[in-house]
Amino acid sequence: MTSYSPASTPPDATGVRTSQPNIRNADYREIDRNQLSAMYRHYAEVKDKYPHALLLYRVGDFFETFFQDAIAVARELELVLTSKHGGEIGRVPMTGVPHHALERYAMQLVEKGYAIAVCDQVESAAEAKGLVRREVTRVITPGTVLEEGMLPARNNNFLAAVVIARNHWGLAYADISTGEFFTTQAEDLEQLHQELMRLQPSEVLFPTNAPDIGMLLRPGEKSQHLPECLPSAFCYSLRSQKPFTQSEARERLLLYFKLHSLEGLGCEHLPLAVRAAGGLLEYLEDTQKETPLPLQPVRTYIPSDYLILDRQTRRNLEITQTVRDNTFSGSLLWALDRTRTAMGGRALRRWLLQPLLQIKGIQARQDTIAELIDNSELREDLQKLLREIYDLERLTGRAGSGTASARDLVALADSLLKLSEMTQLAAQGTSPYIKALQKVPPKLTELANHLKAYLVESPPLHLNEGGLIRPKVDARLDEMRSQVEGDRQWLANLELQERDRTGISNLKVGYNKTFGYYISISKSKSDQAPEDYVRRQTLTNEERYITPELKERESRILTAQDDLNKLEYEIFAHLRSQVGEHAGTIRQVAKAVAAADVLCGLAEIATDLGYCRPHIVQGREIGILQGRHPVVEQSLPVGFFVPNSTGLGGFYSSQTGDRPAPDLIILTGPNASGKSCYLRQVGLIQLMAQIGSFVPATSATLGICDRIFTRVGAVDDLATGQSTFMVEMNETANILNHATSHSLVLLDEIGRGTATFDGLSIAWSVAEYIATEIQARTIFATHYHELNELASVLPNVANYQVTVKEFPDRIVFLHQVHPGGADRSYGIEAGRLAGLPAPVIQRAREVMRQIEKHSKIAVGLRQGAPAEPTANQGAIDPFGGVDF
């Protein structure tokens with residue numbers, strides 16, 4: 001038998017381990033098919049239909065791959081590449097995986113960006129007349145995964161489709177495992193880039209006239225058929241233009257959702273959105289074959305209906321992963337996620353990446369959190385129940401697609417029964433999201449009881465081996481079971497009967513797949529075999545016989561068992577289809593459960609860490625009293641985090657007195673004193689407030705933000721050949737071109753990537769432009785202390801500093817933000833704290849004293865006198881005559 005285990009042989013020059021040193025016939029397209037055996041001719045015919053997918057072809061208990069696919073699979077999965085006789089052509093490359101391990105190996109291939117066509121046996125070998133009939137039952141691509149083991153539980157797995165016409169674009173995306181389906185349309189191609197980066201789709205469909213339709217481009221692969229505006233970080237499937245035409249896409253949507261008009265879906269007058277959605281549906285029909293996927297009615301949205309967070313802001317605020325090492329631990333999602341279900345985890349992620357703009361929606365969430373804080377018993381009881389609820393969205397998805405196991409349906413039934421308990425609990429609630437739990441339809445409880453009545457408590461993993469259905473629920477099943485049991489009892493009695501008849505005490509009745517049932521007698525007693533025994537097989541130590549009666553019974557027993565297993569599967573398949581009929585209702589309830597899960601978690605964290613309910617207003621105020629960084633606070637011992645207040649956008653407080661809070665704060669202070677932490681803290685508090693969460697502060701009044709911009713740190717972008725400074729300038733330009741007076745802008749160290757006076761000039765100009773032209777609420781952290789002069793020139797600018805306590809030989813960072821500007825950066829002290837060797841610190845102090853003594857620029861700036869221009873400066877004052 002061929003071994004498919006990971007190879008121990010060394011790889012060849014292509015990285016493939018092989019037991020065949022001279023593999024030939026690698027490309028099936030170059031082979032005379034008349035020289036192939038019947039099975040390999042069929043393989044080649046199927047492969048012609050799926051040239052860009054790896055074809056896994058069922059042969060007995062294995063899924064095998066041949067020709068160039070075998071080489072690719074052996075390389076990617078580190079399996080032995082062997083060969084198999086293919087007819088007159090001789091041996092062809094082959095490798096394969098056990099059929100029961102398909103999911104594990106498929107997951108590895110999909111993660112590497114491959115598409116897989118699964119060609120399964122659709123009839124049993126016993127029933128086949130000639131070649132066993134095989135068909136492609138499914139194409140698995142990165143965006144069409146349904147299997148539980150291949151999906152991240154708390155992340156959506158989005159398949160997206162994009163249509164671009166000049167500067168306009170349409171986008172559709174769906175998670176076929178949960179049924180979510182969205183579409184949108186806009187005209188700014190940069191916004192398309194940002195939407196894709198927010199969604200992080202596993203696969204993106206793009207219509208093109210390229211000759212290589214069907215090709216799946218893995219992340220980073222270039223193609224002249226993809227426009228530059230599409231991020232290179234994703235898998236792209238090149239698709240034919242035809243399904244993305246307006247007429248065909250519209251017709252497909254109407255047919256799929258059984259509608260006469262798209263008005264109810266909100267996309268009737270969004271042609272590019274319709275084209276993208278229709279093309280996506282066609283792709284699902286193509287890959288899922290005859291298995292319908294119960295998608296929810298498509299929801300149309302406008303990106304600007306939500307708080308916009310561009311890629312840099314998501315990264316800098318570390319919303320879902322950290323900047324340093326891209327890990328979940330240490331992100332805002334990590335700090336806030338106290339959900340008990342996978343559905344709740346996915347919902348919280350979506351909320352954080354798409355905060356609300358409507359005060360009414362925010363307040364509905366706040367009201368629910370407030371109730372769950374006040375009624376802690378209700379919250380704890382709900383969370384206890386939530387722990388016992390499985391992933392309703394994905395269980396329903398698998399049921400609707402016909403891939404759910406019996407264990408899936410049992411888990412679904414158990415979860416639906418828990419919903420009735422949740423409904424009773426929610427009856428005592430009055431807030432919007434708790435009241436939503438009171439509306440679980442009774443028919444779901446009926447469905448759950450129906451499933452529990454039919455399915456055994458602990459069904460087997462495989463569906464074709466029986467043992468799925470309880471007794472006394474189907475008369476036909478009970479009758480067949482009685483017959484099978486009678487035959488089994490006859491076999492058990494046969495052994496005793498024949499021992500008595502022959503006097504052979506060690507006579508046994510056995511079974512194997514090759515010869516069926518037999519009577520076994522040891523060699524030493526074989527001369528005592530009765531005349532009606534027919535010898536069937538001779539082994540070293542025993543003889544095996546059959547009798548006419550045994551052979552007759554065998555046929556009936558085996559046929560009856562197969563018929564019994566088939567009937568059980570038919571009953572199960574009917575149960576599964578019944579669940580699919582309720583998919584829409586279950587998913588609606590699942591959304592309510594997921595939202596309640598998120599809000600219970602946010603109420604729990606607000607209680608544990610002392611968060612306050614922010615007052616949300618339509619104006620521009622940002623007033624935070626004793627705010628804290630929600631992640632850093634949890635990373636420190638209790639009470640160690642130093643809180644700080646913030647006032648921006650005309651907010652009045654005890655700090656600002658009669659004067660309204662500024663639009664722009666110039667924040668100075670030493671290196672490593674906490675400026676960046678303070679910036680992120682303000683951004684995260686604003687973001688948390690707009691998802692409806694309570695926030696880490698004593699009190700807060702927050703106006704709605706349309707966008708949050710951040711520019712915190714920069715690195716070289718080697719992929720595009722951009723230096724740190726160019727990356728910084730690109731990010732800054734994006735902010736200046738898109739920010740409004742209702743935006744929140746958080747800038748850290750603008751201009752530090754170039755020469756001192758160039759950087760200072762840019763920083764001054766940027767701050768001045770934001771304060772005078774845009775008037776966005778802004779915190780501008782800088783080491784350019786000269787920027788403090790802006791506060792004396794512009795009425796809506798104020799200076800703040802992060803304070804330190806100085807001692808003769810050291811400084812202590814107090815991490816406190818107070819009014820006023822700093823005049824030193826204490827960079828050498830920060831170096832000492834970082835562990836620079838003492839001689840280096842000492843020499844740095846000597847050099848600093850020399851620079852301060854002899855530099856005319858330094859002296860001029862410190863004394864407030866204009867410095868003499870240097871050759872690099874030219875004769876023009878870069879600050880337009882402003883006296884420092």
Side-chain angles (χ1 to χ4, degrees), residues 99-104 106-107 110 118 120 122 137-140 144-153 156-157 174-180 284 287-296 341-343 346 388-419 443-470 473 565-591 593-594:
H99 76 94
H100 60 78
L102 174 64
E103 182 177 315
R104 175 162 59 93
M107 177 176 66
V110 168
V118 180
D120 209 345
V122 293
T137 55
R138 186 160 169 231
V139 179
I140 306 174
T144 59
V145 173
L146 278 167
E147 289 73 11
E148 180 181 14
M150 297 172 66
L151 291 168
N156 279 103
N157 188 65
D175 183 339
I176 67 170
S177 70
T178 64
E180 295 161 277
L284 292 180
T287 56
Q288 306 308 301
K289 304 302 171 188
E290 298 178 359
T291 304
L293 291 172
L295 295 179
Q296 298 174 42
T341 68
M343 301 177 292
R346 292 194 298 271
E388 301 176 30
I389 293 178
Y390 294 90
D391 195 335
L392 290 170
E393 290 179 323
R394 285 184 170 163
L395 287 172
T396 305
R398 291 200 290 276
S401 65
T403 60
S405 68
R407 294 180 182 182
D408 287 337
L409 293 199
V410 170
L412 180 67
D414 289 339
S415 300
L416 292 177
L417 290 176
K418 293 295 177 185
L419 292 183
K443 63 182 178 180
L444 295 187
T445 303
E446 295 171 11
L447 174 64
N449 287 325
H450 182 64
L451 294 174
K452 295 287 283 185
Y454 270 78
L455 295 169
V456 299
E457 192 66 34
S458 299
L461 181 62
H462 301 292
L463 298 176
N464 298 312
E465 298 174 1
L468 304 172
I469 308 299
R470 293 179 185 270
V473 295
N565 292 346
K566 285 181 181 177
L567 180 56
E568 281 206 59
Y569 180 77
E570 288 174 8
I571 295 171
F572 168 77
H574 180 65
L575 292 173
R576 189 165 59 186
S577 68
Q578 286 179 300
V579 174
E581 292 169 5
H582 291 82
T585 306
I586 295 174
R587 281 172 165 166
Q588 283 299 112
V589 173
K591 286 190 178 303
V593 172

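Judged as a side chain to side chain contact (heavy atoms under 4.5 Å, CB included), and not counting sequence neighbours, the contacts of Ala413 are Ala448, Leu451, Lys452.
Rounding to the nearest 0.5 Å places CD of Glu581 at 10.5 Å from NZ of Lys443. Taken to the nearest 0.5 Å, the OG atom of Ser177 stands 10.5 Å off from the CD atom of Glu148. To the nearest 0.5 angstrom, Gln578 atom CD is 8.0 Å from His582 atom NE2. Here the CG atom belonging to Leu151 is positioned 9.5 Å from the OG1 atom belonging to Thr178, to the nearest 0.5 angstrom. In this structure, CG in Leu455 is found 10.5 Å from CG in Leu412, a value given to the nearest 0.5 Å. Taking OG1 of Thr144 as the start and CG of Asn157 as the end, the distance is 8.5 Å to the nearest 0.5 Å.
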* Asked: Can you check side-chain contact (heavy atoms from CB on, under 4.5 Å) on Leu395 and Val579, steps first, answer last?
  -> CA-CA 10 Å; Leu395 287 172; Val579 174; over 6 Å; no
* To do: Step by step, work out the side-chain contact (heavy atoms from CB on, under 4.5 Å) result for Glu457 and Arg470.
  => CA-CA 9 Å; Glu457 192 66 34; Arg470 293 179 185 270; 3.5 Å; yes
* Just do the side-chain contact (heavy atoms from CB on, under 4.5 Å) check on Asp175 and Arg394 with the steps written out, would you? => CA-CA 10 Å; Asp175 183 339; Arg394 285 184 170 163; 3.8 Å; yes
* Tell me, with the steps shown, if Val456 and Val410 meet side-chain contact (heavy atoms from CB on, under 4.5 Å). => CA-CA 8 Å; Val456 299; Val410 170; over 6 Å; no
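Leu416 places a side-chain heavy atom less than 4.5 Å from the side chain of Leu392. With contacts defined as side-chain heavy-atom distances shorter than 4.5 Å, the pair Asp414/Glu388 does not qualify. Contact of the Glu180 side chain with the Arg587 side chain is not registered, since no non-hydrogen atoms from C-beta on lie closer than 4.5 Å. Looking at His450 and Leu575, their side chains come closer than 4.5 Å, going by heavy atoms from C-beta outward. For the pair Leu146/Ile176, a side-chain contact is recorded, criterion being any heavy-atom separation below 4.5 Å from C-beta on. The shortest side-chain heavy-atom distance between Ile586 and Leu447 falls under the 4.5 Å cut-off.
Pairing each heavy atom of Gly466 with each of Pro460, the nearest pair is O-CG, 3.3 Å. Residues Ala153 and Ala342 approach most closely at O-CB, 3.5 Å, considering heavy atoms.
The environment of CZ in Phe572 is crowded: more than 12 heavy-atom neighbours from other residues, nucleotides or ligands sit within 6.0 Å.
Look at Arg398 and Glu147 and you find no salt bridge, because none of the NZ, NE, NH1 or NH2 atoms lies under 4.0 Å from a carboxylate O.
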